[in-house]
Amino acid sequence: MRLSRYYLPLLKETPAEAQIVSHRLMLRAGMIRQEGAGIYAWLPLGFRVLKKIEQIVREEQDRAGAVEMLMPTIQPADLWRESGRYDAYGKEMLRITDRADREMLYGPTNEEMITEIFRAGVRSYKDLPKMLYHIQWKFRDEIRPRFGIMRGREFLMKDCYSFDVDETAGRRSYNKMFVSYLRTFSRMGLKAIPMRAETGPIGGDLSHEFIILAETGESAVFCDQGLINMAVPPKSTDFEGDLQPVIEQFTSLYAATDEMHDEEEFTSRVNENDRLSARGIEVGHIFFFGEKYSKPMKAVVASPEGGEVPVQMGSYGVGVSRLLGAIIEAHHDDAGCKWPTAVAPFHVGLINMRSGDGPCEEACEKIYAALEAAGVEVLYDDTPARGGEKFARMDLIGLPYQITIGPRGLEAGEAEVKSRADGEKTSIALDKVASEIAAKVKVELDYA
RNA sequence: CGGGGCGUAGCGCAGCCUGGUAGCGCAUCUGGUUUGGGACCAGAGGGUCGCAAGUUCGAAUCUUGCCGCCCCGACCA
């Protein structure tokens, strides 16, 4: 992509309303634009990151055996009357009437609808287990939206639902999602810690929140330091095999959000040096809630013993749009974002120090074409701006690699490459730079 | 929902108390000098001062109502 054709409205000054670094950087880097309280437009750069995150979530859901579908954003109220949640959900649910005065709502979540869809198509325990998910926009009329997309009213969420014949099988589904989440967040360069959590209005008896540690997190958390560097299950993990040992490993050490925190247990189970009390961002939440919806909504299957039993359900959410903020919180410096390659809007920024200069342009065009041909995503700054400005904005948007072409390097037959993550600068021969960077990018994308 | 605050050029703000020509920095446009970490000089364009009503000879400024947004608290991906 040539920057001259792109839409990248960067802000030099920090907008007054942005309180946390991820919000500030998203506004300054031209990723989002606020259209109302808790409502944001995704500008081209932000949209690219959102799509990358979404795709990682999708790949790990598929790998765990979940099946993708898409449910509508607008739902009929009657569905929610069946579960009793139409009244229970309160003002957080955006209620709408259509032209015929039918009561509708903009979905804050989809348990009711997926249960309705499931019961229409499944009759026997032999059809189980099933895991269905979608990645769809939700609307929750939050009392107080804040921190940009971190707590927006409209947000993109992956929600998965599992259906099993009994509790044992249900827990197997829960375990699959547990492992899937560990991998999902790890691939984005995040260390997410599963913590025992309350079940909230969705209900149930088994629940974990996946928390990213960050100073600006909304919840206080307490955990054993040992969780931070625990090895995440590899790509080769067999999701049909026994995952219980992994779950036990990750739940063996103390970790709880403040609602579930037990100071006595914390101090008795965790050595003083390993006690970590911090703040965290919730990026995922998994529940097993059994018959909570299947019973009132009559989602039943024929059981092996004859007769009908309500299916055992779980639901599993990932805040896809929130993850952008969480990733920036974890990867940035004073100059801007430092995207992990897996979610970077582009892999490489190509800087022409002297636009309009024949040899510089020629060298840039050559490298640009070679990188694109190698499947590397390049943002080529072909604008007439001065070098300093180009450096500053590349640092701000935070692409993993910057390749600089200027008269100085050309004389030596070299391009300068900067790694945004560690700031390290190297010189590489002009005819090798594209292939070397392409190789690095490929390795980083193949990780996990 | 309770408490606090804000709304003036694309962005950041001053002006309001004490009513009288709407201003500054950045950005933008033109010309020139520059060009390896957000350049300099000269010139130019850009505003229903959130909306409405009222007070007044006169309102960005005072009064009232409305709308929008932000921050602090209890809920949530």
Side-chain angles (χ1 to χ4, degrees), chain A residues 9-20 23 27-28 30 33-39 53 57 89-93 107-110 135-160 181 184-185 192 197-202 207 209-212 217-219 257-259 280-287 315-326 335-336 351-357 360 384-396 402 404-412 415-416 418 423 425 427:
Chain A
L10 302 180
L11 303 177
K12 210 168 189 176
E13 285 170 286
T14 302
E17 75 274 11
Q19 296 298 304
I20 63 170
H23 189 195
L27 291 168
R28 287 195 54 211
R33 178 167 177 81
Q34 181 169 16
E35 297 296 341
I39 299 175
I53 291 171
V57 171
Y89 219 94
K91 297 193 79 169
E92 203 170 293
M93 185 152 75
T109 179
N110 285 69
I135 300 171
Q136 177 64 291
W137 292 93
K138 305 290 189 287
F139 193 94
R140 294 184 189 173
D141 200 354
E142 296 281 348
I143 296 167
R144 182 148 107 81
R146 70 181 117 177
F147 299 153
I149 50 135
M150 291 283 233
R151 174 170 301 287
R153 290 196 294 172
E154 188 180 58
F155 60 98
L156 187 61
M157 177 165 122
K158 183 284 300 182
D159 40 324
C160 180
Y181 277 28
T184 299
F185 301 127
E198 269 188 326
T199 50
I202 295 183
S207 173
E209 287 181 16
F210 286 74
I211 303 273
I212 308 299
E218 287 192 273
S219 34
T257 59
D258 53 352
E259 302 99 42
I281 301 165
E282 183 185 353
V283 290
H285 201 158
I286 60 179
F287 302 89
S315 82
Y316 315 90
V318 170
V320 175
S321 46
R322 174 179 287 180
L323 275 165
L324 261 91
I351 294 175
N352 183 357
M353 288 301 293
R354 200 70 60 90
S355 291
D357 176 83
C360 283
R386 299 159 60 86
E389 189 178 348
K390 292 189 178 191
F391 288 134
R393 62 193 183 198
M394 276 301 176
D395 284 349
L396 175 59
Q402 297 171 11
T404 302
I405 302 296
R408 214 157 76 184
L410 280 190
E411 218 163 288
E416 184 180 276
K418 177 171 136 181
K425 291 179 185 171
S427 290

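Scope of the values below: all heavy atoms of this structure, side chains included, with no hydrogens, waters or symmetry mates. By convention in this document, chain letters (A, B, ...) are assigned in the order of the sequence lines, proteins followed by strands, and residues within each chain are numbered from 1. Just so you know, these numbers come straight off a predicted model, no measurement behind them.
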Checking Y316(A) now: which residues fulfil ring-ring contact (aromatic ring centres under 6.0 Å, His included) with it, not counting sequence neighbours?
none
ring-ring contact (aromatic ring centres under 6.0 Å, His included) against F139(A), all qualifying residues, sequence neighbours excluded:
Y106(A)
Partner residues of D159(A) under the salt bridge (Lys or Arg N to Asp or Glu O under 4.0 Å) criterion, sequence neighbours left out
K138(A)
With a 4.0 Å limit, can you tell me whether R146(A) has a side-chain N or O closer than that to the phosphate oxygens OP1/OP2 of rG73(B)?
yes
Name the orientation class of the two ring planes belonging to F287(A) and H285(A) (parallel below 30°, tilted from 30 to 60°, perpendicular beyond 60°).
parallel
With a 3.5 Å limit on both atom pairs, tell me what rC40(B) is paired to, counting Watson-Crick and G-U wobble, or say none.
rG32(B)
Quickly work out the K138(A) NZ to rC76(B) P distance and round it to whole Å.
17 Å
With a 3.5 Å limit on both atom pairs, tell me what rA22(B) is paired to, counting Watson-Crick and G-U wobble, or say none.
none
By the Watson-Crick or G-U definition, both distances under 3.5 Å, rG7(B) is matched with rC67(B)
Give one of base, sugar-phosphate or nothing for E13(A), where a contact means two heavy atoms less than 4.0 Å apart.
base
Nucleotide-resolved protein contact map, nucleotides 36-42 of chain B, B/S/- at heavy-atom distance under 4.0 Å
BBBB---
G148(A) near the nucleic acid: base, sugar-phosphate alone, or nothing, with a heavy-atom cut-off under 4.0 Å?
nothing
Tell which nucleotide pairs with rC1(B), taking only Watson-Crick or G-U wobble pairs whose two distances are both under 3.5 angstrom.
rG73(B)
Once base and sugar-phosphate atoms are separated, protein heavy atoms under 4.0 Å mark nucleotides 1-9 of chain B, 5' to 3', with B, S and - as B--------
Which part of the nucleic acid, if any, lies within reach of M394(A) when heavy atoms closer than 4.0 Å are counted: base, sugar-phosphate only, or nothing?
nothing
Would a distance-only check, ignoring hydrogens and angles, find a side-chain to backbone donor-acceptor pair under 3.5 Å from R354(A) to G406(A)?
no
So, R146(A) and E218(A), do they make that salt bridge, N to O below 4.0 Å?
yes
Identify, with sequence neighbours excluded, every residue that meets side-chain hydrogen bond (donor to acceptor under 3.5 Å, both in side chains) alongside Q136(A).
none
